[in-house]
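Predicted, not measured: the structure shown is a model, and the values here were computed from it.
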Amino acid sequence: RSESYVTLALLDAANDRDPVVQEQVRKSILTLGNQQPDKVLSMCQDYLLKHPKLVVGHRVVILQTIELVVKSRIDDISYPKIKSVIQLASDEMTKSKEVVPEWQQAASNILVAVGNKYINDIMEEILGKFRPGVLPHFFVVQTLANLSDSNVYGMVPFLNAIMGTMLPMLGMTKQDNMKWVFSSALCHFSESILEYLANLDKAPDPTVRKDTFSSEIYSAYDILFNSWIQSRESKLRLTVAEALGSMSHLMAHDKLEEQLPKLLPTVLGLYKKNSEHYIISKSLSQILEASVNMGSRVLETQIDGLLVALHQQICSPMDFSNPPTVKNHNEVLRCFTILANTFPDRLMVFVLQRLENSNERNRMGSLAVLRHLINSSTSIMETKRLLILVSIRQPLADHSNKVKKRVVQVISAMAHHGYLELEGGDLLVRFIIQHCALPDTYHRPPDPEEVTNEALRSMCDNTLHLFTTTVGRLTDVLWPMLLCYLTPNQYANATTPLCKSLILLANKKQTAQEPNFIIDFNAQGSFLYRCIGVILQQCYNKELVRKQLQEILIGTRHNDAIERTGVAMGIGLCASSHLDGTLEKLEEFGKSDAFRKASGIFGLLKDKNDVDVEKMKSTLILCYGYVALHAPEDKLLTRIDSDILHNISKNFNTKVKQSAEPTDVMRTPVRYLVLTTCANLMYPTILNLSCVHLHYCVHSFLKDFMFSLQCVFPQVLYSDTFTALHELLRNVLARDLSPDGLQSVFKHIESWLSSGQDHERERAVKTTAELLQFYLDNLRVKNLVTFHNLGALVGRLAPRCTDPNPEVRRAAIDCVYRLMYIQLRYEGFSLDYKDDSVEGLLDVREKLSNPDNTVLYKTCSELTKIISKRLPQQQLSTLLFMLYDGLVDSQSNCSRASSVILNTLLKNRGAGLQDLVPEMLEVLHNRLQVIGEEQVKVAIGQSILILATQHLQTVVNTLVAYPLPYDSWSCEMWIALGADSTLALQIMEMIIEKLNVMVPYVDKKESMLRPGLTKVATSQPLAMTCALREMMLNGQSADAVAYLFPKLFSALLVRLGSSVGVQLPKDLNNICVSLCCVLRVAVEALRILLGRAQLDAVMKPLDQEGAWDKMKDPQQHTTGVTLLSRAMAKHAGPRLPSIVESLCPSLCNIYECQRITVTAFFSELLNHHVVTELMILDMLMNNMMERITDTCGTVRMLAVRGLGNIAVGSPEKVNKYAKELLAAMSSGMEENDDPGKLITLEAMSGMSKILIYLDQKNVHLLVACKYAMRICAPVIGSEQISAMFQNHLLEEKGLHHGEFINDLTKYLVRSKSFLYYKNTHRIAECLVMLLQDPDPLVRGKAAEAMGHFH
């Protein structure tokens, strides 16, 4: 019969060289086996018996197929067949004495599958090959082990006898592989027995007890522990350890107690001998559990060694890409839990002591244990809560973000178990809020496992939200505590999560009508005023701010010290945003009537009101103090004398001589005297100048002041003052001659380096040069210290080397020169060492005298090469980010210089900066938004190109991930990547490759109320299409586009098909759809491609016929694609062969929409003779023939249309393909799944075109067709159709094809049934022949079809 013939052919093909075909063959045999299991199993057996020398791979595939049939149909297989399968598998498994794992494992798996139902028959066969005194075959033991796993209840009754036979064999075993399989079997046996005992209520024999097996288990233990575990083979040692863990539960209590002092140290010792630790930890946890369960007393003597070893393991880093390390971590935690139940005090002391160790890894491990114990051993930890609260304070101060992350996890666990309600819990809440306010990480850490500030902050935000929403017991802890964190400045960045939590808490309190929902702010001290200050800080309405300040000052109870302080703090907070308005209001309040009473009647009368006036003055002075604290430093310095100190002095009732020098005029030596006095007092330790004072001193000199006409010797005064400032700064720096000390002074000068005034920049750079010379002259390197701010300093100073002011240029070069030598000193070079490259800066200095821009930039490049050579790698990132700031310098010369230095550094050193690429791109994206200088914008484009040359994948991945729709700056970045044709080629190829394999959309349920699914675009393919569109806008991409045109056209056409009826992701729905419509993006990209490829002749008819709009309309999409295909055929013929070749794979795609688009394109191509001229007709026709059986009706309709078009486009080829074309049209007219009869109509249309042609050109074929149709007519089963064929299809008569097709269709529709004749044997023969086809795809399809012969 055909089924047997087919099955035999499939068995022959089972070892096909192509794995996909091989898998399909197996599936087909399984399909046949599921229908007729006995028959197929018999054929498999016969095949193996008749081909004893079959290659191993072929035997394995057939054995695996037998296993699958047995597994799926075991209840339907006859018992005699089961017996024969057991015999076959047993023979196959043991035929070779050598171990051939793949073959013998496949046979063993059959026995295990059968054993799930016929365990007694299996055991009868297996035990016949497991005889006392003779070492069994490796896979006999392995099969017993696997059977004990798969059929616990069936196997356990046999295990006592099996182990009795096995024990003498253990002593006879010399080979490691046999030791391994026996150890593995003992492990499986033990696990099975334990599972059996744990489920005795379901077991067939509930009388089985643990001590039934204790004697045999201990005998086996003796050999494994005293001999095999010492093996040099690590795989064997681990398997023995695993077995010992499982066996420990079955050992007699006294035996286990006796062995523990030897067993535990031996297992712990394996950690050092093996790189894989999971199995050891698993075994250890089982031994500990067995020991604790039996109440071991010996275990206490081992506790110290156990804790140390386990702690070392928990401190080992977890690699989530390596599952065994994660499993090991969990097993070690399980060990700690087991020990906590028995030795809680000793364990807790051990863990908390380890928390005191500041080593990062040590502390992280201890925190992991603590968190686990809090969660898993709640009752035991109850009495330890206060001790834990005290001990956790130490890691709270750790600087490592990794440690902080673990601390947050511990705090979260503590919150759920009532710790935070206890004394000291508020510190933990504060820790979370502090880290909700973390600033961003400005430099990406080199360690990929490092926890960034952003990640830690996000974690703390989530933790605070969790406290508020899910830990109900914390509500009264957090309310109103969280309110107190809203106003202090250090928690400003945490305002958003704090407010979210407060809203949730307040709603919860209000809904429950809890009495403490209402807060008595009198009891809360000055909180309310601080809140008002924060609100005014954010208010933009200046008049409203003034009005509120007036009400606060008038309404304050000045006698209340707490309220007075609160008012002052609130006004100080307000001043941080509204300094001028706040100072004006305070001055106005100081001049009000209430204050005039203070000096009334010569101050002799003192009544109650006068006392109040003194309190008001106290409030006012306090307000000025907080204003000075919170005001912006740059604004404060100009107001501190005239407004703040002046008014404070007035309210002290002391007369102040008004002799202060104006801030904008130098007419007296006041500045010189102040600076000289400060400098003298600074040295050695008389005065410790505050940061604000130092800033004020620097500001007072560097700022843009004029010389008064009253000043007799202005230049001398200027020089003296300049010298005094330098002396002051040198004395400050001498206090801390270190990189940090230098930075603390430089920060006061830094902002002046980019001043808009020439002389301010000159003073700042010269002052810096003086400081650096002093630093270099006095530097004494005793220890290896990193000059960590070298990159930051060079980044600020190097761009000034092209400053418009020649004095600034020269001084800036001096700064860089000195910085390089400071770095050399830190590297260990002596004071008199001269470096050739650094000395080259002196030549650069001379060249900078030339103001010509071309010379300046060339010199700038030379300068960069010197910096690049001497700068340590770890400083490079800091330098680059400083240069990014320089791109927006107020001097265009310097912003251009920043770009030159930046790009030169990236070219020379950028290859090692892969981890920083995303951050650098983000900074460039931000800079593009504020840069007006066109030359700098071009340079940024160059920066992106350089980064892409070095880190192409990272750059593309980063830019693709930018939010959609791309903003204009993201678009500029993509356009920049099109500037280099070689790079553009690589990127486009990369994107095409991704577009061809990525999922274009997902089906999502739009609403529970609406039926059906909605197609939603996936982000990446959409982003990549946008990227292609932008890159092709760059004219420089023309070469890349020309080279890749066929692939680009094909990818975008397929993308166009993928976009029909597809919606935007929800996160883009709120954005204007016209900016980022899925279909619109694809159409625009395709249009730009045609333009960039200079195919104006193609675009013109498309524009005229509205083809682009039709492509975007789901109802007219195929019409639009047809117009595109027509234009390409007429005006871009030579490009078609490569395009067609690229598009062909998409016709087999799973996405219906893609198949529709490509079929529509191909269908129209066949309407044009150019496809014959280009010799692609055969390829197109073959594809159309395949598509007429497509699952999609639209595809089938378009395929039939395309085949009919051959008669129009290439009529001379109809003769060649007449047989195939007529068969296709006939198939189309017989289409059942054609609700709108569109396929039938297309088939009739195509048939009429073809028959018309045959009528004119091919009389013989026409006569043959008529004869064949008359003969076949009765087979159709319709008398009307048969009569019509006999009357109309006469050889000597002509035929009106339109009428004939019309009548035929009418009769077909009316016909109720058809008779189909299937010559199955002939089909089977054909399929068997196809199994030999050289094309694996054909072989696979043939095998798939053969699976239906049942």
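Side-chain contact check for His1169 and Glu1212: at least one donor-acceptor pair (N or O, by modelled atom type) lies under 3.5 Å. No side-chain N or O of Thr31 forms a donor-acceptor pair with one of Arg26 less than 3.5 Å apart. For the residue pair Thr1025 / Arg1055, a side-chain donor-acceptor distance below 3.5 Å is found, with atom types taken as modelled. Gln1154 and Ser1058 form a side-chain donor-acceptor contact under 3.5 Å, judged by distance and modelled atom types alone.
Remark: Met990 CE to Met1024 CE distance equals 9.0 Å, nearest 0.5 Å. Interatomic distance, CZ of Arg1196 versus OG1 of Thr1159, reported as 11.5 Å (0.5 Å rounding). To the nearest 0.5 Å, the span separating CG on Leu1064 from CG on Leu1022 amounts to 6.5 Å. To the nearest 0.5 Å, atom CG of residue Leu8 and atom CD1 of residue Ile29 are 10.0 Å apart. Separation of atoms CG (Leu10) and OG (Ser28) is listed at 5.5 Å; rounding is to 0.5 Å. In this structure, the separation between CG on Leu1048 and CD1 on Ile1088 is 12.0 Å, given to the nearest 0.5 Å.
Each of Leu1203, Leu1166, Leu1136 was checked for a side-chain contact (heavy atoms from CB on, under 4.5 Å) with Leu1180, and the lone residue meeting it is Leu1166.
Scanning both residues, Ala1097 and Pro1101, for their nearest heavy atoms gives O-CD, 2.9 Å. His1117 approaches Gly1057 most closely through the heavy-atom pair NE2-CA, 4.2 Å. In terms of heavy-atom proximity, Val1016 sits nearest to Pro1065 at CG1-CA, 3.7 Å. Scanning all heavy atoms of the two residues, the minimum distance from Ile991 to Ala1027 falls at CD1-CB, 4.2 Å. Closest of all the heavy-atom pairs between Pro1021 and Leu995 is O-CD2, 3.7 Å. Nearest heavy-atom pair, Val1121 versus Thr1157, reported as atom, atom and distance to 0.1 Å: CG1-O, 3.5 Å.
Looking only at side-chain heavy atoms (C-beta outward), Glu1141 and Pro1046 stay at 4.5 Å or farther from each other. The shortest distance between side-chain heavy atoms of Phe1161 and Thr1122 does not fall below 4.5 Å. Leu1147 is not listed as a side-chain neighbour of Leu1143, based on a closest heavy-atom distance of 4.5 Å or more. When side chains are defined from C-beta on, Val61 does not count as touching Asp16, because their heavy atoms never get closer than 4.5 Å. Under the 4.5 Å side-chain criterion, counting only non-hydrogen atoms from C-beta, Leu1095 is in contact with Phe1045. Looking only at side-chain heavy atoms (C-beta outward), Val999 and Tyr1151 come within less than 4.5 Å of each other. Side chains of Lys1216 and Leu1177 form no contact here, defined as non-hydrogen atoms less than 4.5 Å apart.
The number of heavy atoms from other shown groups lying within 6.0 Å of CD (Gln1104) is above 12. Within 6.0 Å of the CD atom in Gln1094, the count of heavy atoms belonging to other residues, nucleotides or ligands does not exceed 12. The environment of Tyr1043 atom OH is sparse: at most 12 non-hydrogen atoms of other residues, nucleotides or ligands sit within 6.0 angstrom. Few gaps surround CD on Glu23; more than 12 heavy atoms of other groups in view lie less than 6.0 Å from it. A 6.0 Å sphere centred on CD of Glu1186 holds more than 12 heavy atoms belonging to other residues, nucleotides or ligands. Within 6.0 Å of the NZ atom in Lys1112, the count of heavy atoms belonging to other residues, nucleotides or ligands exceeds 12.
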| task | Walk me through it: do Thr1191 and Arg1155 pass the test side-chain hydrogen bond (donor to acceptor under 3.5 Å, both in side chains)? | result | CA-CA 10 Å; Thr1191 54; Arg1155 301 200 305 276; 3.3 Å; yes

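In this structure, Lys1110 does not pair ionically with Asp1113, as no charged nitrogen and carboxylate oxygen lie closer than 4.0 Å. A salt bridge does not link Lys1015 to Asp1003: none of the charged side-chain nitrogens sits closer than 4.0 Å to a carboxylate oxygen. A salt bridge is defined here as a Lys NZ or Arg NE, NH1 or NH2 lying under 4.0 Å from an Asp or Glu carboxylate O, and Arg1087 with Glu1084 fails to meet this definition.
A donor-acceptor pair under 3.5 Å links the side-chain atoms of Asn1205 to the main chain of Ser1163, judged by distance alone.
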